[in-house]
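Residue numbers start from 1 in every chain, and the chains themselves are labelled A, B, ... in the order their sequence lines are given, proteins ahead of strands. The structure presented is a predicted model; accordingly, all values stated were derived computationally and were not measured.
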2 protein chains.
Amino acid sequence: MQSPTRAKKKTKATSMDIAHRAGVSQATVSRVLRGSPLVNAETRRRVEEAVKELNYKVDRHASSLRTQRSGTLALLLFEDPTPDDSHINPFFLSMLGSITRACARHGHDLLVSFQQLSDDWHADYEDSMKADGLILLGYGDYLAYESKLAHLVAQGTHFVRWGPVLQGQPGISIGCDNAEGGALAGRHLVAQGRKKVAFLGDASTHFPEFFARYCGCDAALREVGLRMNPALQVDADSTEQAGYEAAQVLIARGLPFDAIFAASDLIALGAMHALKEAGLRIPEDVAVVGFDGTPMARFSNPPLSTVVQDTSKAGELLVDTLLQLVRDQPAQSITMAPTLQVRASSGG
Amino acid sequence: MQSPTRAKKKTKATSMDIAHRAGVSQATVSRVLRGSPLVNAETRRRVEEAVKELNYKVDRHASSLRTQRSGTLALLLFEDPTPDDSHINPFFLSMLGSITRACARHGHDLLVSFQQLSDDWHADYEDSMKADGLILLGYGDYLAYESKLAHLVAQGTHFVRWGPVLQGQPGISIGCDNAEGGALAGRHLVAQGRKKVAFLGDASTHFPEFFARYCGCDAALREVGLRMNPALQVDADSTEQAGYEAAQVLIARGLPFDAIFAASDLIALGAMHALKEAGLRIPEDVAVVGFDGTPMARFSNPPLSTVVQDTSKAGELLVDTLLQLVRDQPAQSITMAPTLQVRASSGG
DNA sequence: CTGAAAGCGCTTACAG
DNA sequence: CTGAAAGCGCTTACAG
């Protein structure tokens, strides 16, 4: 099909056109559009009419240039290393959804961008005035990340980060209580009579979120005199493939285990795959609990128990907090409480 | 945790500052930054050095105001009626991901926004100069939609729509060959020996995509002397809940059927739920095929056969085509070929 | 309550 | 190859 004949783009109406039509000065048009209280009601009416007739919209760039505010927030999503093109972590995808909604509710636009951890992102968006503030999202090696955050703080950039609230960390974070989430999983597994809980996911200071989940689970086991066995921990980043391979490694070690606590749902899903291939029954032989509360956890076979992070609320909090920062109001880091969703994978 | 003492925001460097520092005029700075060929190599070097030292970024609003180009594309995602806050259709979520990537590759920013079909979106983004062009995404009643598209064309707005390429439709579309997708499903079910294929999803001109899927499946059955039975069709929009309810309605009708072709994966997932509750075995009693190729299709129980739309390629094509339009280059609608992913739900 | 005027930070003819 | 100057479309003191 050929390109249809395109209507020649009409030259856009400006506030000058509105002024002429309404018989007022351009300044008055601007006052009406900004909702200034010092405009006569009748004048206002005439202007609004002209605006409607000419289908006028304020030019965003002119306005932002003058006010030095863009009315836009930027969401930077990190992925390092670059994953398969089509499969962004579903947890971040739902965050993206709720952040977009929260922005809309607050009358802001949202600029979305994927970044590599290695990129020179730390000085771009706000300096070029594209956005009034930044939302940072993504897994990745925290130690590599921290200096960039410090740089942002030094530059006076407004930003919030999704992630754990850590001692002395630069900037403000909104995050889930990962230790509590781990404890939820651990207590549940203990209640199911499990004693040998394996952990799939990196458990070091490079990934403080995973590490806290591990520690929380360990703490829960210790409440009843048990503990995590480091020999039952296998590194994995948050992909199905990594979970699959990690579970194979775990099985190959030949040590007995009766439960897997996976650092994310994606890891858990991959692990279940490997368990089934090895002829292990879920949950009879091995109970599995994931983390994140992603949509697909409900649909897996068997349905996956998971520690749920409320992405809706998280998105709202991220945007709220960032907007406070942008307005130079005091703001603080927030830790959210996770909940446990028990399903068949852990024999609930 | 209290807000950390924020470094006082330094006043941003402007091209004037760079000019002073490099000992040239502001105009020359601008030329260097825009890559103008008429700048002396040594001059260029000095300017670039100053830019680096002061960490200067071109002010986007000033630049856009002057050039009347924003370097930004807007993605409008329609949802009507408003669904549960957290669950955006996963198919659109992956489109969002691939569109974001494609934009980045082309050096454009992406503004994301959710819209209600009823909103006054048709004249906003481009008129306010926020974006150079629009990408339209979303399900919804096409008949309600069409007049808005015509309006966009009349206004000379640059846009592409994800959706079927229809006769005489306003504007340009990139879409999947839904009839072919339906045929793929139909032929496969026939090959599995199924004869009574039910269809879950609205099959009317209001939803041309679903309708084409239905017709394509029907055509495939007719190739072997069978046909779709309208009494085995139940309306459903693309949610799990609707699929669940539609399957219950179907079962309640009491007519025999040995396969379900669902208009989307979400519908299929909901339907499988209802089938299992009714004691029907998948695929022994009823084979199920979905549509979209969403990630969770792989994880369902049993894994769901589905007609796959390549979201990666779709995102790339949408952005490419829109950019052609923005540059006033000829562009055309494109129909993409779907593929069939056979899994256990259809006894493959 | 309203208008005239300055200025936000760029880009790009125009002149040299 | 470079600079001086106009102007993109607004917002907001300032004066009345």
5'-most by nearest nucleotide on DNA chain C - Arg31(B) or Ala13(B): Ala13(B)
Counted 5' to 3', the first and last nucleotides of DNA chain C within 4.0 Å (strictly under) of a heavy-atom of chain B are dG9(C) to dA13(C)
Measure the shortest side-chain to side-chain distance between Thr14(A) and Asp17(A) over non-hydrogen atoms and say whether it is less than 4.5 angstrom. yes
Step through the shown structure and confirm whether more than 12 heavy atoms of other residues, nucleotides or ligands are within 6.0 Å of NE2 on His106(B). yes
Under 4.0 Å, heavy atoms only, any strand: does Ser30(A) hit a base, just the sugar-phosphate, or nothing? base
Arg105(A) and Glu316(A): CA distance, side-chain angles, deciding distance, salt bridge (charged side-chain N to carboxylate O under 4.0 Å, His left out) verdict: CA-CA 9 Å; Arg105(A) 269 196 295 273; Glu316(A) 184 65 37; 2.4 Å; yes
Evaluate the criterion salt bridge (charged side-chain N to carboxylate O under 4.0 Å, His left out) for residue pair Lys52(B) and Glu49(B); output intermediate values, then yes/no. CA-CA 5 Å; Lys52(B) 197 153 290 171; Glu49(B) 194 175 297; over 6 Å; no
Are the side chains of Arg69(B) and Ser64(B) in contact, using a 4.5 Å heavy-atom criterion? no
Report which part of the nucleic acid Thr43(A) touches: base, sugar-phosphate, or nothing (heavy-atom distance under 4.0 Å, all strands). sugar-phosphate
Remember a base hit wins even if backbone is also touched, and classify Gln26(B) as base, sugar-phosphate or nothing at under 4.0 Å, heavy atoms. base
Residue pair Ala27(B)/Asp59(B) against DNA chain C: nearer the 5' end by closest nucleotide is Asp59(B)
Please report the interatomic distance CZ(Arg21(B)) to CG(Leu54(B)), rounded to the nearest 0.5 Å. 4.5 Å
Show me, range against range, the stems involving DNA chain D, built from at least 3 consecutive Watson-Crick or G-U pairs below 3.5 Å. C:1-3 with D:14-16, C:5-12 with D:5-12, C:14-16 with D:1-3
If the C1' atom of dG16(D) is compared with that of dT12(D), how far apart are they to the nearest Å? 16 Å
Taking atom P in both dA13(C) and dG9(C), compute the distance separating them and give it to the nearest angstrom. 23 Å
Which part of the nucleic acid, if any, lies within contact of Val24(A), taking any heavy atom under 4.0 Å across all strands shown: a base, the sugar-phosphate backbone alone, or nothing? sugar-phosphate
Of Gly23(B) and Arg66(B), the one whose closest nucleotide on DNA chain D sits nearer the 5' end is Gly23(B)
Return the NZ to NZ distance between Lys12(A) and Lys57(A), rounded to the nearest 0.5 Å. 11.5 Å
When the nearest nucleotide of DNA chain D is assigned to Ser25(B) and to Ala62(B) on a heavy-atom basis, which residue is associated with the more 5' position? Ser25(B)
Once you round to the nearest 0.5 Å, how far does CG of Asp109(A) lie from CG of Leu73(A)? 9.5 Å
Calculate, to the nearest 0.5 Å, the distance between atoms CG and CG belonging to Leu318(B) and Leu75(B) respectively. 9.0 Å
